[in-house]
Amino acid sequence: MALETNSYFNPRGGEVKVSHKHSSQIYCQSSAFNPGISLAGSQDIAFPGDYQHVEARSKVVPHVHHASDFKKNDKDSFHGSASCNSSQSRVSCLVEIPLTTVSESRLKEKKSCLKGKGKYDKNFKIHCDRDNDHHFRIPTNGAHRAQHKACTIHQLRDGRRLHSATNISGSMSVKKEIVERVCDILAKREWGQETVQALSDLDLNLSPFQINEVLKQQKDTERALSFFNWAKDQRGYKHDAHTYTTMLGILGRARNFEALDCLFNEMLREGCKPSIVTYNRLIHSYGRANYLEASRNIFNHMHTVGCKPDRVTYGTLIDLHTKAGCHDTAVGFYDMMQQAGYCPDTFTYSLMIHCFGKAGKLTAAYRLFCEMVDQGYPPSLVTYNTMIDHFAKAGKFDMAMKLYNDMKEAGYRPDQVTYSIMMEVLGHSGHVEEAELVLFEMEQAGWTADAPIYGLMVDLWGKSGNAEKAVEWFNKMIHSGVKANVPACNSLLSAYLRLNSYNAAREVLQSMSKWGLDPSLQTYTLLLSCCKGTEQQQQIDLMLSLKGRIEHPAHTFLCSFLTSEPSDTRSLIRHFFDCMQFEEQETKRGFADSLIDFLHDSGLKSAAGHVWDIVVEKSLYPRAVTDKTPHHWSVNLHVMSIGTALVALLRTLVLFKERMVTSGVAPERVYIITGWGRRSRVAGASLVKHAVESLLNSLGSPFHIDGANLGCFVSKGKPLFQWLTEPQVEQVLVF
DNA sequence: TTAGGGTTAG
């Protein structure tokens, strides 16, 4: 049963749709216009006759939607109303549903009507998609299905054989029951002959719609694919763009790209045209697995096949590139989106605010936040959380608090993310006890602490050097019935390693093993970053003693790296990072940073250099080496450890020298950005900066601090080139 | 016909 057109209420891009979703449902939906309100709710009401219930649902308006009981009137139709209210506006729709039983042929000539009328506050306007009367029409074939439907439901509940789905297509609840039955069969056992038999016993001709509903509920990839292939073999059945898209999404989520490619080719071969959603899912699947180039290739491919990217396509690409640290590319996609005629909405604005914040461009982020408000797009809870986080991490606590209050004023209640942000900021600025108070406040507000929240408390106390409090919170987590997870164990481990309490650290690792928690790449990063100083060998032993149920690639890698001199270092490193393809870039960067620092510290400079080369090749440091302009080159060592910063600097200087030799042109200026340094305790006293400075000074470099930026060394290109060709410098550069 | 896609912290 389809509604031909909707009534649109559109104050600031929000809309209210009233649609006849199905013969048994009326659907009233409103979205996005009030900054203060975010949650959805729905209300089902009893509805006599063929129409089982009317649903008034709102994505935005939480409490006030209303749908009246529909009453039969003397014109042989039902009438009633549905409304959505918010503090700023009210929308209500009067609906009238004729209930005349007509023949199919007559239906085609004369369609029954559903009339809707909008009422609204004076501040907002209603405009209608098709006509000014706010009329919308639905075809309906009335009550003659009711009898059949009742019979089918009865049979389903009876557990007897079902009618063919083609005969019972009229009822949503029956469709749901069929889907549930199929899902039950799939859930009961591993895929096999029994499953196939059980499915064929149902004797159903499932439609692509139903197959898709089943697929959406499948958690197990293999099972989903088996079901998908089973469906394909059913007589008269053909997958459509929806089922292909859902299956592609499942394979993408499981990172099974071989099967994904195969299925996509099959889709094309079968003449099933990929939709915009198909392409968006492919872009997302590849991108989340760090195959960013593949994502961009799909984006380009869309143009060649005439599929115009939409706001979601651009949003996905913006998000992926932000996560990979390629902020400039993300901004490029944002510009492209606008050139393609899409103005940013709340969602896209939030993505870009996140992007600018991650790129360290707080002013640009806030400018965009203000722009979005000016443009009439209310910030969402996510937008507020993001902006608060950026301000807080930059130490602008007054602005963070202002936005926090604005957010509450706009009607949002802080959620777990908001509380986490507040806790983290307090903890990292030395106020761990206040962070505890925020956690209690969170619990009073009705949220329960989960493993990540407990883990955060463990982490904060651990980082403040208080392992006792860290373990106290860890135990609180266990006692509250929350299962420990790997990050929480990592935090406790880190607390002990920080204090050189190796026995306690070993106990944590043993507990992890006992609980079946396998060490993660972060576990190895932690262990590696502690392997320093006089007790280095003891720490290395601890690290190498670590074993999960399945050996982590980092274990194999570090063993072969630390126990003997590997024959082909570069291919070993490359192979390891290939194995880490699906890890988050940030996580891999953390491991690489610890590894290079460790190798540099242990006098294995050559190996450290190889690791740097390969992580650059793998785009783990997309922002490290950039050109401000063609004549202004720079290397950014801002968030690196000392060892990594020095290795990166020397390698980049070699690169700059090669570029000058090849092009025969020296840049006007070259910048070395050290910032305040990740390891710095006191503002302005960056350990990275001092390490870089002493290296440059010891070699008599032409770099110097220029202007107000104390964290930036500058040199002109020509004297730099001369310096780089001096024998004692060349000697240092080769390792 | 119905349905399918993108965001924040740890």
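The figures here come from the full heavy-atom set of this structure, side chains too, leaving out hydrogens, waters and symmetry mates. What you see is a predicted model; the values in this text were computed from it and never measured. Letters go in sequence order (proteins before strands), and every chain restarts at 1.
- Listed candidates were B:dG6, B:dT8, B:dG4. Nearest to the side chain of A:K323 is B:dT8.
- The side-chain contact (heavy atoms from CB on, under 4.5 Å) test with A:L215 singles out one residue from A:Q210, A:M247, A:H242, A:R223, and that residue is A:M247.
- Side chain of A:K216, nearest nucleotide from B:dT7, B:dG10, B:dG4: B:dG4.
- Counting only heavy atoms from C-beta on, A:L456 has its side chain closest to B:dG10 among B:dG10, B:dG4, B:dG6.
- If you check every strand for non-hydrogen atoms under 4.0 Å, A:H354 touches sugar and phosphate atoms only.
- A:A241 comes within 4.0 angstrom of a base, heavy atoms only.
- Within the 4.0 angstrom heavy-atom criterion, base atoms lie near A:N212.
- You'll find that the side chain of A:S420 is closest to B:dA9, out of B:dA9, B:dA3, B:dT7.
- Within 4.0 Å of A:D310, counting heavy atoms only, lies at least one base atom of the nucleic acid.
- Under the 4.0 Å criterion applied to side-chain N and carboxylate O atoms, A:K469 and A:E436 are assigned as salt-bridge partners.
- On a pure distance criterion of 3.5 Å, a polar donor-acceptor pair joins the side chain of A:T245 and the base of B:dG4.
- Distance A:R253 CZ to B:dG6 P: 10 Å, rounded to the nearest Å.
- Between A:F228 and A:Y244, the ring center distance clears the sub-6.0 Å criterion.
- Base engagement by A:D450 is indicated by at least one non-hydrogen atom pair under 4.0 Å involving a base atom.
- Across all strands shown, A:I276 has heavy atoms under 4.0 Å from base atoms, whether or not it also approaches the sugar-phosphate.
- If you take CE of A:M247 and C1' of B:dA3, they are 17 Å apart, rounded to a whole angstrom.
- Aromatic rings of A:F299 and A:Y314 (six-membered ring for Trp) have centroids within the 6.0 Å cut-off, being under it.
- At a threshold of 4.0 angstrom between heavy atoms, the contacts of A:N485 with the nucleic acid are absent.
- With salt bridges taken as basic N to acidic carboxylate O contacts below 4.0 Å, none links A:R589 and A:D593.
- Donor-acceptor pairing under 3.5 Å, judged by distance alone, is absent between the side chain of A:N385 and the base of B:dA9.
- A:S275 comes within contact range of at least one nucleobase, with a heavy-atom separation under 4.0 Å.
- Side-chain N/O atoms of A:K358 include one lying less than 4.0 angstrom from OP1 or OP2 on B:dA9.
- Judged by distance alone, the side chains of A:S380 and A:T383 do bring a donor and an acceptor atom under 3.5 Å apart.
- For A:F209 and B:dA3, the ring-to-base geometry does not satisfy the stacking test (centroid distance below 5.5 Å, interplanar angle below 30°).
- In this entry the distance linking CD of A:E586 with C1' of B:dA9 reads 13 Å, nearest Å.
- Here the nucleotide nearest the side chain of A:E213, chosen from B:dA9, B:dA3, B:dG4, is B:dA3.
- In this structure, the CD1 atom of A:I178 is 19 Å from the P atom of B:dT2, given to the nearest Å.
- The side chain of A:K393 contributes an N or O atom lying less than 4.0 Å from OP1 or OP2 of B:dG10.
- Rounded to a whole Å, the CD atom of A:E424 is 15 Å from the P atom of B:dT8.
- With rounding to whole Å, A:Y342 atom OH is found 17 Å from B:dG6 atom P.
- If you take CG of A:L426 and P of B:dG10, they are 14 Å apart, rounded to a whole angstrom.
- A straight line from CD1 of A:I211 to C1' of B:dA3 spans 13 Å, rounded to a whole angstrom.
- Side-chain to base pairing of A:T243 with B:dG4: no donor and acceptor N or O lie closer than 3.5 Å to each other.
- Rounding to the nearest 0.5 angstrom, the gap separating the CE atom in A:M477 from the NZ atom in A:K483 is 12.0 Å.
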